[in-house]
Amino acid sequence: MKINPLVKNFILVIVILLIAGGVFSVLYLPSEKTNQISLSQLVTDINAEKVKKITVSGDSVAVTYTNDKTADSMKESNSVLSDTLVGLGADKAKLQKVEISASIQQESVWSWLLPALLYGILPLLLIGFFLWTMTKQARGGAAQVFDFTRAKAKIFGAEGHSKEKITFKDVAGLKEAKEELMEIVDFLKFPKKYLAMGAKIPRGVLLLGQAGVGKTLLARAVAGEANVPFFSISGSEFVEMFVGVGSARVRDLFAMAKKASPSIIFIDELDAIGRHRGIGMGGGHDEREQTLNMILVEMDGFEKETGVIVMAATNRGDILDAALLRPGRFDRKITLDPPDVHDREAILRIHSKEKPLAENINFKEIAERTPGFSGADLANVANEAALLAARENKTHIFQQDFLEAIEKVLLGPERKSHILSKKEKEIVAYHEAGHALVSASQPGTEPVRKISIISRGMAGGYTLQLPSEENKLRTKTQFLAEIATLLGGMAAERLIFGEMTTGASNDLEKASHLARRIVKDWGMSSLGPISFDDKENIMMGVGTENNYSEAVAEKIDKEIEELIRSAEKKAAEIVAKRKDLLTKIAKTLIEKETIEREEFEKIIGIKNGKTAKK
Ligand code: ADP
Ligand code: ZN
């Protein structure tokens, strides 16, 4: 446990005060304990010949009796003791027998030194000491402030942190990402194997995904799996006030990582520094640019056998500077999808593992009630549930606590992603099912790889098809099938709910764009193989004037409309004819939120993407 330095100082001062108090009492209390007598008592004792010796020091009078007992008394200041005693009726002859001495030195030294010490100098010393420790700390802080160049990397070493070690086991879902990262793990573990083959090792891995999907967690898991040190730093930390500081830090960080190689450098929030130059309001920010350049220089400078892998995370892959994505830099991109219902259940289980749960906890129900939650949100739900249970002095966490925790997390202000209501979820499910079904029902289309109703960016859901090979020659039939597929979502909405929603706007935009190109760029319409290119005119600022006549423009519009209409008809036909399948896909989507290729093909009864026409 670390004690706050201020608290530590405070305790120190208290201890010193206690010691001072002790010293004080040792010096003063004995004198108080001795027998105090009045001067008249002293006179009586003198007359009774009991007194052997009197020592005067200042105003205090020390009396020694014949029986060696002692007593103290006080005299008036500036008076002579013997006169006073005689005045009080002391027998002069008897007084003369008493040995009277004055200890001027002793008296004079202690009478001023001791009080001065205790009341004057000691507090001064204490205050001085207090100030000294404070300034020492401040200086320590200042030293840190001025030592900008040291990278403030957090290091999670391979050894000695077994408790903190995170492996893939601690990461739920994200199956594809884990598979891709296994290769990196293998390289970090057995670099020689790869070097012997002359293989070029990836240097940079970019993790893309919304906040809280587990980018940091996954990067740490890679380090844990490979058992290598993990150097972590956040892009926003680089944004310092003085130029040159950020790049010095980068250099420092890379030097540390190279020394500990094999190791992982993790740069969180890469977009804070790696933003595409010229984007954003900040204008040219020298510091950011220098830092970015330093990262690039360091990555380019990796020797072949440097066992350092740079992992970076961002939720804004779209705004990254192209220089970062070039080969030899962050050329591996891994997208982390938000968790579906199955993953959410697994994440909840992971975060409830060490909590005392009531017996009948139904994680499936909790997962079903948390569409759109990220891994971080779910970890939060598990924690809130524990807090709620503890507040009510329960011994276990109950289902009710979890359900209440969901609401708490939902109401939290930080959630950015859109949560679908039950009705919205149904609409999105039928919409995506429509796309997938229309695509799979036409020959020549790409196989459906994944359907999901978990929002990703702007879209309510998405249907992924195998990426079509670029520059592949394509036919008009294929384009028409593609337009029909784009309109499939809208067709399904109309069929099931009687009307379409705004969710189709992006589809319509893409469909119209494609149809326009079919007619104008590719000459695939009744207008004949003519290119109606108007780019040049637009460039020259006379965009309204085309290199074709008004009449042709009208014909073009007509052709485009016809293409869209026939595709729309086709999509509507397919979803109507195969409504049972559409419903089946949508229902599965509502339940599971994502459908992978195998399952989709099982539902509609095809194999390996072979589209069947019924
Ligand atoms: P990111 O870096 O993507 O913003 P983090 O990796 O910091 O998100 O995730 C925040 C927290 O959310 C993690 O520490 C973990 O507790 C939890 N979490 C996120 N995703 C998962 C997951 N797939 N499995 C388990 N826990 C997760
Ligand atoms: Zn759509």
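Counting starts at 1 for both ligands and their atoms, in listed order. These figures come from a predicted structure and were not determined experimentally.
Atom 6 (O) of ligand 1 has its closest protein heavy atom at Leu217 N, 2.9 Å. Atom 18 (N) of ligand 1 has as its closest protein heavy atom Gly375 C, 3.6 Å. Among all non-hydrogen protein atoms, the one lying nearest atom 16 (O) of ligand 1 is His351 CE1, 2.8 Å. Regarding atom 10 (C) of ligand 1, its nearest protein heavy-atom neighbour is Ala376 CB, 3.8 Å. In terms of protein heavy-atom proximity, atom 20 (N) of ligand 1 is nearest to Val213 O, 3.2 Å. Thr216 OG1, 2.5 Å is the protein heavy atom nearest to atom 2 (O) of ligand 1. Scanning all protein heavy atoms for the shortest distance to atom 4 (O) of ligand 1 gives Gly212 N, 2.8 Å.
The option from Gly214, Ala177, Ala313 that lies nearest to atom 8 (O) of ligand 1, judged by heavy atoms, is Gly214. Among Ala172, Gly209, Ala346, the residue whose heavy atom lies nearest to atom 23 (N) of ligand 1 is Ala172.
When each atom of ligand 1 is checked for a heavy atom of Ala211 under 4.0 Å away, the hits are 4 (O). When each atom of ligand 1 is checked for a heavy atom of Val171 under 4.0 Å away, the hits are 23 (N), 24 (N). Short contacts between ligand 1 and Lys215, defined as distances under 4.0 Å to a heavy atom of the residue, involve ligand atoms 1 (P), 2 (O), 3 (O), 4 (O), 6 (O), 8 (O). For ligand 1, the atoms lying closer than 4.0 Å to a non-hydrogen atom of Asp170 are 24 (N), 25 (C).
The Zn ion (ligand 2) sits nearest to atom NE2 when only the N, O or S atoms of His431 are considered. Its N, O or S atom nearest to the Zn ion (ligand 2) is what matters here, and for Asp507 that atom is OD2.
Residue-level proximity to ligand 1 for Leu174 is carried by the side chain, the only part with a heavy atom below 4.0 angstrom.
Using a 4.5 Å heavy-atom cutoff, the side chains of Val438 and Leu487 are not in contact. Side-chain contact between Glu404 and Leu388: present, with at least one pair of heavy atoms (C-beta onward) separated by less than 4.5 Å.
Considering every non-hydrogen atom in both Leu270 and Ala312, the closest pair reads CD2-CB, 3.8 Å. For Asp170 against Lys165, the heavy-atom pair with the smallest separation is OD2-O, 4.1 Å.
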Practice problem: Output, in order, the C-alpha distance, side-chain angles, deciding distance and verdict of side chain to side chain contact (heavy atoms under 4.5 Å, CB included) for Phe231 and Ser263. | Solution: CA-CA 8 Å; Phe231 297 87; Ser263 60; 3.8 Å; yes

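Note: Arg220 CZ to Met311 CE = 12.5 Å, rounded to the nearest 0.5 Å. The distance from the CG atom of Leu174 to the CZ atom of Phe168 is 10.0 Å, given to the nearest 0.5 Å.
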